[in-house]
Amino acid sequence: MPRVRFAPSPTGYFHVGSARTALFNWLFARQTGGTFVLRIEDTDEERNREDWVAGILSAMTWLHMDPDEGPYRQSGRRDEHHAAVDSLWASGSLYACDCTREAVEARTAGNATPGYDGHCRTRGIERGPGRALRFAVPDEGTVVVHDIVRGDVEFPLASIEDFVVVKSSGQPLFLLANTVDDIAMGITHVIRGEDLLPSTPKGMLIWRALEGDGVALPAFAHLPMLVNEQRKKLSKRRDPVSVESYREQGFLPEAFLNYLALLGWSHPSGRELLAVDELVTAFRLEDVNHSPAFFDVQKLTHLNGEYVRAMDVDAFVDACRPWTSGPGAPWPAERFDEGTFRELAPLVQERVDTLGAVPDMVDFVFLAEPRMDEAAWASVAADPLAATVLDGALGAYATCSWDAGTLHQVTAALAEQVGRKLGKAQAPVRVAVTGRRVGPPLFESMAVLGRAATLQRLQAARDRLGAVAGSEELPGGAGPGVGEAGALPGGAGAGAAVDQA
RNA sequence: GGCCCCAUCGUCUAGUGGCCUAGGACACCACCCUCUCAAGGUGGAGACACGGGUUCGAAUCCCGUUGGGGCUGCCA
C-alpha cells in the first residue's frame, strides 16, 4: 500500500501552494487505498510554534483533508536523526568542516562552479563542537531522479557541492531529517513542489548511504509551481496566499478544493465542476501538467459562485452564520432574525459568489436605517421624477395589500403614470428603501421589510429630496420641467444643510 | 555564472502524428431575457514563442534559439 506524506514547515499560515500539494497527496492516497501521513517539519527551532501547527491542522480539517497518521513532529525525532548521523559518519559518508562562510567565499570567488569547494574533505578533522558535518558527494557520475510527472531527470554529481548535513551547533538539517523520516515512516511516494526537485539528488544520496545502494527509493512526483501574475512563485510578501484568508472571505471548502485540483490537472471529461469523489476517482499523478499555473482568484470566485448557487437554502443559511450572526456582522445581533433572512436567502444566494458578500445584500433589513450609498442617492437627487415617484409610492403602498406580487402591480401602475418603464421607475424607491442601486429584487425586499419601515424610509427620502430640490418645486407642483430646473442649482447648498440637521 | 524545469487564446486547460479551418472554462465585448443587479441563453474577439529537421503528413517527435521559472543557506 502506498504511503505518502505531506510535510509542511510551520510558517504562521497555510499557504495555498501547500494546500495544493497536500491535496494531490491526499487524492493519491484516497484513490490507491494508501496512507496519508502528516509530518510537521520543524527542525529549525524558529519554526517550532504550537499555534502555527494548530493553524495548519485547522485549515486541513476545513478542507476535509484529515491525515490518516500524524501529525508527527520532526522536532520529536532528534534521536533518530542523530543516530543516522552517527551511522553516516561511521561509514565515511560524512566529514567534519570548520570553514567559516567568509573563508569559503574567499576561496571560491572566481570558480566556475560555485558552492563549497571540498576544502575539508581530506583534512581528516574530528567531529566536535563548532564543526559542521558535510556529505562527501562523489565527483563523478550522475544521479537520475525517476519522476512520475516529468520522467527521468539527470543531475551530474559534479554540479552538486558537499552540502552540510549537520550544523556546527550539532543540529541536523532539513535534508537529513527529511530523508531519515521518510525512511522510518516507510514513505513510498514523495509528492511535493517542483522547487524541491534540485535538492532531490542530495536526498537520494543520503538515502542510499543509509540504506545501501541496492535499496528501492521512493517514487518522486514534483508538482508544477503556483505562480502570480508576474509568473513568479507565490510569495507571502505580495500575494494573497493564506488559505485562512480565503476562508474568511467566504469561499466554500468544496469549491476551494475543486479549484485547487484544477491547478496542474484536469478531469478527462473536461468538466470543471467536480465533486470530491470524482476527483479521487479520476486523479492520476501521470496526468499532472509540467508547467506552472497562475492562481486565478477570479476563476476561483466564479467556481465558488457555482457551489453557492447549488446549495439548498438551509445549507446556505447555515453556511452564512459567521457573516450574519457572528461578531463580524454589520448589524446589531438583536436586530438579526434568521427566519427573515431565510425568506430572502434564495434571492441572495443567486447573487453572491462568496459568503462574505452576503451582508451587503441584506443589511437594509437588519439595520435600523439603510446604509445610504451616496453615489446612489446622488442619482436619485438628480432625477427630475424622483419626487413624483416617491410621492406616488408613499400613497399607493399605504393601503395596498403587502406582498411582493401586489407591490409589483402597484409599482408597475405607478410607472405607467409617470411614463417610465418599471425598471427605471423603481430606482428611487430602491435607493430610498435599501440605500443601494443594486440588490435582491425590490418587491420581495419590501415585502420582507414590512410596510411600516418601508413607508418610513420612503418618507425620509422624500423629505431629504424636498430639501435638496428647494422650495421652488413645491409651489410649482411636481412637473418634470420645474423639478429639473430646481434640482441642479439648489443641490449642493441645501444638501449640506440637511447633513447638519 | 552553474545545475534543473517549463513553453497552446489575457488566465486555467483539451490535444500524445492525420478526427485541428486547434475544443472547453474564467475574464472580456455584443445581443436576448429582465423590477435593479446577478444568474441564464445566443453570438463574438482571442493561442500552438521562433528557426531548423524527421515524416506522405506535426500543436503533437528530435535539435537549436529565444523567453519564463526554480534551485544554488550551517532555512525548509
For this session: Quick one: list whatever passes side-chain hydrogen bond (donor to acceptor under 3.5 Å, both in side chains) with E105(A), sequence neighbours left out.
Result: R101(A)

Just the atom pairs and distances: protein N or O near nucleotides 25-29 of chain B's N or O, under 3.5 Å.
from   : atom 1 : to      : atom 2 : distance (Å)
A25(B) : O2'    : E272(A) : OE1    : 2.6
A25(B) : N3     : K299(A) : NZ     : 3.1
C26(B) : OP1    : H302(A) : NE2    : 3.4

Exercise. Who pairs with V438(A) by side chain to side chain contact (heavy atoms under 4.5 Å, CB included), at least two apart in sequence or on another chain?
Worked result: none

Problem set entry | Partner set under salt bridge (charged side-chain N to carboxylate O under 4.0 Å, His left out) for R420(A), not counting sequence neighbours | D383(A)

For this session: Report the residues that fulfil side-chain hydrogen bond (donor to acceptor under 3.5 Å, both in side chains) with R134(A), sequence neighbours left out, ordered by chain and then residue number.
Result: none

Problem set entry | Near-strand residues of residues 224-236 of chain A, defined as heavy-atom separation under 4.0 angstrom from RNA chain B | R231(A), K232(A), K233(A)

Could you list, one pair per line, each protein nitrogen or oxygen that sits under 3.5 Å from a nitrogen or oxygen of nucleotides 72-74 of chain B, together with the distance?
from   : atom 1 : to      : atom 2 : distance (Å)
C74(B) : O2     : S168(A) : N      : 2.8
C74(B) : O2     : S168(A) : OG     : 2.8
C74(B) : N3     : S168(A) : OG     : 3.1
C74(B) : N4     : C99(A)  : O      : 3.1

Problem set entry | Residues touching RNA chain B, which here means a heavy atom under 4.0 Å, drawn from residues 350-366 of chain A | E350(A), R351(A)

For this session: Could you pull out all residues at least two apart from R121(A) that satisfy salt bridge (charged side-chain N to carboxylate O under 4.0 Å, His left out)?
Result: D139(A), D162(A)

Seminar exercise, completed: For Y116(A), the ring-ring contact (aromatic ring centres under 6.0 Å, His included) test, sequence neighbours excluded, returns none

Below 3.5 Å between N/O atoms, which protein atoms pair up with nucleotides 30-33 of chain B? Just atom names and distances, please.
none

Exercise. If you draw the axis of the six-membered ring of Y307(A), does the NZ or CZ of R309(A) fall within 45° of it and under 6.0 Å from the ring centre?
Worked result: no

For this session: Any pair with a residue in residues 405-431 of chain A that passes ring pair (Phe, Tyr, Trp, His ring centres under 6.0 Å), sequence neighbours left out, goes on the list, sorted by first then second residue, please.
Result: H408(A)-F443(A)

